[in-house]
Structures are given as structure tokens and as C-alpha cells.
Amino acid sequence: MNLKSNSNRKAILEAAINDTFDVVVIGGGITGAGIALDAASRGFKTILVEKGDFAGGTSSRSTKLIHGGLRYLKQFEIALVREVGRERAIVHKLAPHLVSAEKMLLPLTKDGTFGKLSTSLGLFVYDVLAGVEKPDQRVMLSKEEALEKEPLLEEPNLEGAGYYAEYRTDDARLTIEVVKTAIRHQAKCLNYTEAVDFIYNKDKVTGIKCKDYIFNETFDIKAKYVVSAAGPWVDKLRNKNNSLKGKRLHLTKGVHLVVPHEKFPIKQAIYFDVPDGRMIFAIPRNKITYIGTTDTNYKGDIDHVLTETHDAEYLIDAVNHAFPDVSLSLEDVNSSWAGLRPLIHEDGKSASELSRKDEIFESETELISIAGGKLTGYRKMAERIVDLLVKKEDDAADNLKSKKCFTDNIVLEGGDFANADEVENYKQQLFERVKSVDVSYYDIDSLVRNFGSQSDRIIDKFFELLDEHKDAPLIALGRAELWFGIENELVITAADYFIRRTGRLYFDIDSVVTMEDHIIKDLATTFNWDKKRQALEREEIDRYIFESADIFKEGVVK
Ligand code: FAD
């Protein structure tokens with residue numbers, strides 16, 4: 001049975017209901033996906049449930065960097081910086097197409113956060129902690145050299161810049177590839193399935209009650225261990241388990257804006273000062289530049305986190321302040337995303353001061369919850385959880401599970417390239433196949449960054465569909481991606497495709513408008529949708545486009 005396609009959902013659900021698992025993981029963000037992969041690869045019979053789509057929570061709303069978190073050095077979080085810093089190189093090795101090196105420029109200005117000496121020292125320590133190799137280690141640039149890298153920084157206060165190594169990624173794609181790799185190791189992973197309550201035997205949690213939102217059915221999953229990796233929802237589940245005592249989550253909101261690259265034409269990624277003492281990123285990505293993030297306490301609805309006008313104004317003001325030749329306004333915003341950091345509360349600390357360390361909570365009924373942490377550190381978070389499960393198994397005599405985590409050697413789906421050069425060669429080969437039919441290098445670059453070595457299967461399908469779209473080959477490409485997503489990535493809604501499998505809604509919003517009808521039609525054929533369901537999907541995508549693109553222009557959100 002193909003466990004990677006919702007075409008088989010009935011059979012997957014039936015198998016889940018009739019089985020007893022070692023572990024059920026609640027939450028299909030990067031943390032839950034990482035735990036499912038680690039557990040399954042160590043021999044635990046594993047199932048994961050996600051109430052929406054995989055990466056539908058925070059894991060599609062980050063800055064999309066695999067990074068050590070330079071600013072945590074300022075807070076002396078040395079162990080955290082070392083751990084996530086080292087993880088960067090590992091995650092790059094596991095998916096070189098998806099986690100690629102990207103140099104970051106840190107401009108130094110007269111009244112900036114960091115002085116020249118402290119930046120030089122800080123970046124040096126950052127490199128050492130992360131084990132960055134010599135050729136990639138930080139260099140300090142003069143004002144002239146900084147301007148050569150980024151002419152838009154021209155301003156009288158500029159004194160130079162630090163230039164150091166980071167990695168870029170797509171958070172949702174990383175999550176889905178980890179989910180697929182877990183499935184390769186026999187895990188069952190269900191999207192659109194919510195854990196609505198727990199099942200107990202005497203005083204121990206022995207499973208979950210689930211609601212399936214595709215067939216609208218409820219069912220039970222039985223498991224020896226229940227792990228909640230529900231991100232911002234972790235305390236909601238602890239509450240349901242009557243175990244919300246002691247440490248709690250502290251949610252902070254982070255917003256990113258997307259503007260057309262020509263409106264903010266930076267040549268390279270920059271980490272720069274905001275007048276209030278914080279720092280934010282501006283990252284060019286093909287046709288767009290994105291800017292973020294804010295960091296503010298959040299008490300609103302966790303299921304509907306919106307970019308508000310004041311968030312957008314904060315980021316726009318920050319850009320206009322640091323780049324005198326740029327004058328962005330709300331009208332320039334193409335799209336945006338807003339997410340919640342599931343941090344651990346510490347009395348007296350502001351949003352930006354809270355630690356990004358992860359924490360594990362174990363309740364009296366043995367519900368294990370994990371929260372905090374970073375996208376970058378997902379593998380180590382998973383290792384800590386599965387080590388805990390292995391220890392519990394050890395206490396229970398006949399433990400046949402692998403004791404040691406080996407996810408540092410499990411290549412993610414689509415990631416079988418020896419290095420970044422091989423990824424580039426592969427892009428070239430694919431481009432040779434399609435250039436005569438009006439597909440650009442940009443499209444191939446995006447395809448391979450998203451799907452890696454799986455891209456040639458998508459290109460094969462593209463040629464099958466091309467006859468129907470001779471005048472608009474990009475529609476054939478979009479439909480081929482969708483076909484792949486339905487067959488291999490548990491896609492079941494248009495938003496799954498446009499947001500979490502391809503990022504088109506954020507990075508190429510025009511293509512969403514062009515492809516919308518075709519994508520909904522193919523989904524309708526596959527999943528037997530009636531006219532009403534098709535209309536609902538169209539409404540949902542239109543709402544996303546509207547929320548993303550027009551909301552500021554209309555001044556709807558205050
Ligand atoms: P989530 O991704 O939120 O996943 C939890 C999942 O659980 C959700 O999908 C939710 O739907 C599901 N769920 C909840 N309740 C239930 C239930 N009852 N049943 C079933 N499913 C349920 N980290 C980095 O390393 N690099 C960065 O550049 C970076 N930038 C960031 C920028 C911002 C603005 C933010 C907010 C965070 C950033 N982070 C970054 C941190 C990183 O994004 C998070 O640490 C990470 O995504 C959290 O993943 P998670 O799986 O724990 O939570």
C-alpha cells in the first residue's frame with residue numbers, strides 16, 4: 001500500500017485503527033516529523049497525526065534559515081548555539097538541494113547593536129562553535145567592501161560589515177521530506193487528523209481519540225507511548241491531560257513580508273539593525289525579497305494568526321530606515337506569513353529575551369510533550385525524545401529497539417546528492433531537457449530546490465501533460481508537481497499544494513492566479529469533489545491570496 005498518498009486514505013486509516021503502535025506522535029510540524037523518523041528508524045512501530053496539513057503550524061512560517069542563531073550568543077546561550085550550529089552542516093548533508101549555503105551580511109553602523117571588535121569576535125566564536133571550515137569562516141569587510149557586496153547599504157553611518165556563513169531552506173518542504181522519510185521507515189503519517197482526547201488504561205495514557213476531517217469520522221489509535229509535539233498547541237493538550245502545571249508555553253508572534261525584488265533589490269541576505277535595538281533579516285529569493293521578523297507577545301487565537309498592519313509597518317519602517325534609497329510602503333507587500341514561537345515562559349523576560357531551548361515535559365499519566373527549540377535543531381530534539389523512549393523500553397526488559405540515533409546518516413527523500421555541485425549539475429541537466437519548450441532556468445531552480453532528485457519524475461509527467469498546454473507550459477509544470485504531490489506527498493487540498501509543497505503563494509503569487517483553476521480541477525478529478533467542494537477550495541485559495549496580497553492595500557486589518 002502506498003502510504004504517501006491520500007488516494008489510499010481509507011486503507012491507511014483502517015490499518016491504523018486495527019493496529020497497536022509503540023508510539024503515536026501528535027503534530028506534523030518539523031518536531032513531530034523528526035520524532036516519527038527517529039522512532040521509526042530505531043524500530044518503533046510509529047504513527048503520526050496532524051490536525052491540518054503537515055507544517056501547517058509554525059513550521060511553514062519561520063525565517064526559513066537553518067542557522068545557529070547568532071543573536072543567542074549575546075544571551076550567552078553557548079550550548080544552544082553550538083548544537084544548532086553543528087546541526088546546520090548535518091541537515092545540509094541530508095538534503096543538499098533544500099538546505100543550501102547562503103552568506104549573510106551584517107552591516108556595522110556607528111550606533112549599531114554590534115561594534116566592529118565585538119562582531120569580529122562574536123562571528124569568530126559562532127564559527128568555532130558551529131565547526132565552520134576555514135574557507136567559509138567569517139571575514140570582516142571595510143565600508144567599501146561591504147558596499148560592493150550590497151550597494152543599497154550606502155549611508156553615512158556605515159562603517160563596514162561582517163560576512164559569515166548561514167544556510168537557507170524551505171521549512172515546509174523540509175518537514176514534508178522528513179515525514180516522507182519516516183514513511184520510508186514504515187511510519188504511518190496522517191494529515192487532517194486531530195487528536196481530540198486521550199485514552200487511559202488505569203492511570204496511564206495508552207492512546208488517542210482522533211477526528212478525521214476528510215471522512216468526518218472518529219476513531220481510536222492505541223499506542224504504548226504518546227508524544228505530543230503540538231508546537232503552540234502543546235499546553236492545550238497538557239490541559240486536556242490535566243497536567244498543565246509548572247512550566248508553561250509563552251507564545252510570541254513573528255511576521256514576514258514579501259515584496260517584489262525590484263522594490264527592494266538587495267543582492268544578498270542581510271541581518272540588520274532596527275532602531276528599537278532588535279535585528280531583522282532581509283532575504284532575496286528569485287523574484288521577491290522577504291523581510292522579518294517581528295517578535296511580540298501573543299494572546300490571540302492560535303488557529304488564526306494574522307499579519308496585522310502594525311506588524312507590517314514595523315518591518316517596512318525598519319527597511320526604510322536602514323536603506324535610505326529604498327522607500328517601501330504597504331502597497332508593495334505581495335504576501336506575508338505570521339507564525340507563533342512555542343517558547344517556554346520565564347518570569348520577567350520580554351519576547352526577544354526568552355530562550356529558544358527546547359524542553360520535555362512528562363505528565364503523571366506519562367504523556368510526553370516537547371516544545372521550544374528551532375527548526376534547525378529538530379533532529380537533536382527528536383533524538384532526546386526517542387532516547388527517552390529507548391530508556392523506558394530498557395526498563396521493560398526485552399528491548400529490541402536500536403539504542404542509538406542514526407538520523408544523521410539517513411538521507412532525506414530527494415536529497416541523494418553528494419554535494420552542492422551535484423545539485424547544480426542536476427539543475428543544468430534538467431534545464432537542457434526543457435529549455436526548448438519555454439521553461440526558464442528560474443523554474444528549474446525552484447523545482448529542484450523544492451523536490452531535489454525527485455524532479456526528473458515531475459519533468460517526465462510535465463512532458464506527458466505538455467500537449468494540453470502548448471501555449472502555457474508552466475501550467476503543465478504546476479500540474480505535474482501536483483500529480484507528484486498527490487502520489488507521494490499526501491496532498492489533498494489546493495492550499496497543501498500552493499503553500500506547503502511549492503511555496504508558490506509566498507514566492508510566486510502570480511503563478512497561483514494562473515494555475516488555480518487547473519489545480520482545483522485535477523484535485524476534483526482525483527478525489528471526486530462535487531461542485532460545492534470545488535467552490536470551497538477556490539474560496540479558500542482566494543482568501544489566502546486576498547489575506548496575503550491585498551489586505552494592506554484595503555486596510556482591512558488594523
Ligand atoms: P509546529 O510547526 O507548530 O507543529 C505543531 C503541529 O501540531 C501543527 O502543525 C499543529 O497543527 C499540530 N497539532 C496541534 N494540535 C494537534 C492535535 N490535537 N492533533 C494533531 N495535530 C495537532 N527556526 C529556525 O531554525 N530557523 C529560522 O529561521 C526560524 N525562524 C523563525 C521565525 C518565526 C517567525 C518563528 C515563529 C519561528 C522561527 N523558527 C526558526 C523556529 C521554528 O520555526 C520552530 O521552532 C518550529 O517550526 C516549531 O516546530 P513544531 O513542530 O514544534 O511546531
Side-chain angles (χ1 to χ4, degrees), residues 24-36 48-70 72 80 83-85 87-88 91 99 166-172 174-175 178-179 189-198 208-213 221 226-241 249 251-256 269 271 280-281 283 290 292-296 298 302-303 305 307 311 315 336-343 351 356-358 369-379 381-382 500:
V24 57
V25 181
I26 305 171
I30 191 67
T31 309
I35 294 167
L48 178 149
V49 295
E50 162 54 54
K51 74 187 177 75
D53 186 25
F54 304 113
T58 307
S59 299
S60 54
R61 296 145 194 264
S62 77
T63 309
K64 307 180 193 300
L65 291 174
I66 293 295
H67 67 156
L70 179 61
Y72 311 132
L80 176 72
E83 180 171 296
V84 281
E87 279 302 293
R88 297 185 312 181
V91 191
V99 178
E166 292 284 26
Y167 289 88
R168 66 178 263 182
T169 191
D170 183 286
D171 43 10
L174 183 63
T175 305
V178 177
V179 166
C189 298
L190 295 166
N191 47 0
Y192 298 101
T193 306
E194 179 167 6
V196 288
D197 209 343
F198 297 101
I208 53 173
K209 291 196 170 302
C210 294
K211 171 105 207 243
D212 155 56
Y213 289 107
I221 293 178
V226 179
V227 176
S228 164
W233 293 264
V234 154
D235 277 359
K236 203 173 156 198
L237 285 165
R238 288 171 76 206
N239 202 20
K240 189 139 264 174
N241 177 245
L249 292 194
L251 303 182
T252 79
K253 182 169 89 165
V255 162
H256 290 83
Y271 186 39
I280 62 173
F281 293 99
I283 300 176
Y290 67 91
T293 168
T294 59
D295 196 357
T296 50
Y298 188 77
I302 319 182
D303 287 296
V305 189
T307 300
D311 300 318
L315 294 171
S336 77
W337 62 88
L340 296 178
R341 300 175 184 84
L343 305 176
R356 268 54 180 168
K357 273 204 306 273
D358 56 281
S369 307
I370 182 161
K374 305 218 18 110
L375 186 78
T376 310
Y378 79 91
R379 216 188 51 79
M381 288 169 74
R500 273 120 8 213

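Both ligands and their constituent atoms are indexed starting at 1 by order of listing. Note that the numbering runs from 1 along the sequence shown for the chain.
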- Item | Spacing of K374 atom NZ and T63 atom OG1 [to the nearest 0.5 Å] | 7.0 Å
- Going by heavy atoms, is V196 under 4.0 Å from ligand 1? no
- So is M381 close enough to ligand 1, meaning a heavy atom under 4.0 angstrom away? no
- Query: Do you see a donor-acceptor pair shorter than 3.5 Å between the side chains of S62 and D171?
  - Reply: yes
- Message: With no hydrogens and no angle check, just 3.5 Å: does a side-chain donor-acceptor pair link T376 and H67?
- Response: no
Option whose closest heavy atom lies nearest to [atom], chosen from [options]:
{"atom": "atom 53 (O) of ligand 1", "options": "G231, A230, A195", "result": "G231"}
{"atom": "atom 43 (O) of ligand 1", "options": "G57, S59, S62, G32", "result": "S62"}
{"atom": "atom 30 (N) of ligand 1", "options": "T193, I66, T63, V25", "result": "T63"}
{"atom": "atom 14 (C) of ligand 1", "options": "F281, W233, Y192", "result": "W233"}
{"atom": "atom 37 (C) of ligand 1", "options": "R341, K51, K211", "result": "R341"}

Tell me which part of [X] gets within contact of ligand 1: side chain, backbone, both or neither, using heavy atoms under 4.0 Å.
{"X": "S60", "answer": "neither"}
{"X": "K253", "answer": "neither"}
{"X": "T293", "answer": "side chain"}
{"X": "R356", "answer": "neither"}
{"X": "T376", "answer": "both"}

Give me the residue, atom name and distance of the protein heavy atom closest to [atom].
{"atom": "atom 50 (P) of ligand 1", "result": "T31 OG1, 3.2 Å"}
{"atom": "atom 27 (C) of ligand 1", "result": "L65 O, 3.4 Å"}
{"atom": "atom 17 (C) of ligand 1", "result": "I26 CG2, 3.6 Å"}
{"atom": "atom 23 (N) of ligand 1", "result": "L375 N, 3.2 Å"}
{"atom": "atom 11 (O) of ligand 1", "result": "E50 OE2, 2.7 Å"}
{"atom": "atom 1 (P) of ligand 1", "result": "T58 N, 3.6 Å"}

- Item | Parallel, tilted or perpendicular: rings of H256 and W337 (30°, 60°) | parallel
Closest contact, heavy atoms only, [X] versus [Y]:
{"X": "T175", "Y": "G28", "value": "CG2-O, 3.5 Å"}
{"X": "L343", "Y": "A351", "value": "CD1-O, 4.3 Å"}
{"X": "S60", "Y": "A172", "value": "CB-CB, 3.9 Å"}
{"X": "A229", "Y": "I35", "value": "CB-CD1, 4.1 Å"}
{"X": "F54", "Y": "L48", "value": "CE2-CD2, 3.8 Å"}

- Message: Tell me if the NZ atom of K211 is crowded by more than 12 foreign heavy atoms within 6.0 Å.
- Response: yes
- Message: Measuring only between side-chain heavy atoms, which start at C-beta, is Y290 closer than 4.5 Å to K64?
- Response: yes
- Query: Does the side chain of N191 reach to within under 4.5 Å of the side chain of R500, using non-hydrogen atoms?
  - Reply: no
- Which of these, D295, T294, D311, sits in a side-chain hydrogen bond (donor to acceptor under 3.5 Å, both in side chains) with K253? D311
Within ligand 1, which atoms have a heavy atom of [X] less than 4.0 Å away?
{"X": "R61", "value": "33 (C), 34 (C)"}
{"X": "G339", "value": "36 (C)"}
{"X": "G29", "value": "2 (O), 4 (O), 6 (C), 51 (O)"}
{"X": "P232", "value": "3 (O)"}
{"X": "H67", "value": "26 (N), 27 (C), 28 (O)"}
{"X": "G254", "value": "34 (C)"}
{"X": "G27", "value": "6 (C), 7 (O), 12 (C), 21 (N)"}
{"X": "G373", "value": "45 (O)"}

- Query: Do the side chain of T193 and the main chain of D212 share a donor and acceptor less than 3.5 angstrom apart?
  - Reply: no
- Message: Treating R61 as the side-chain partner and G57 as the backbone partner, does any N or O pair qualify as donor plus acceptor under 3.5 Å?
- Response: yes
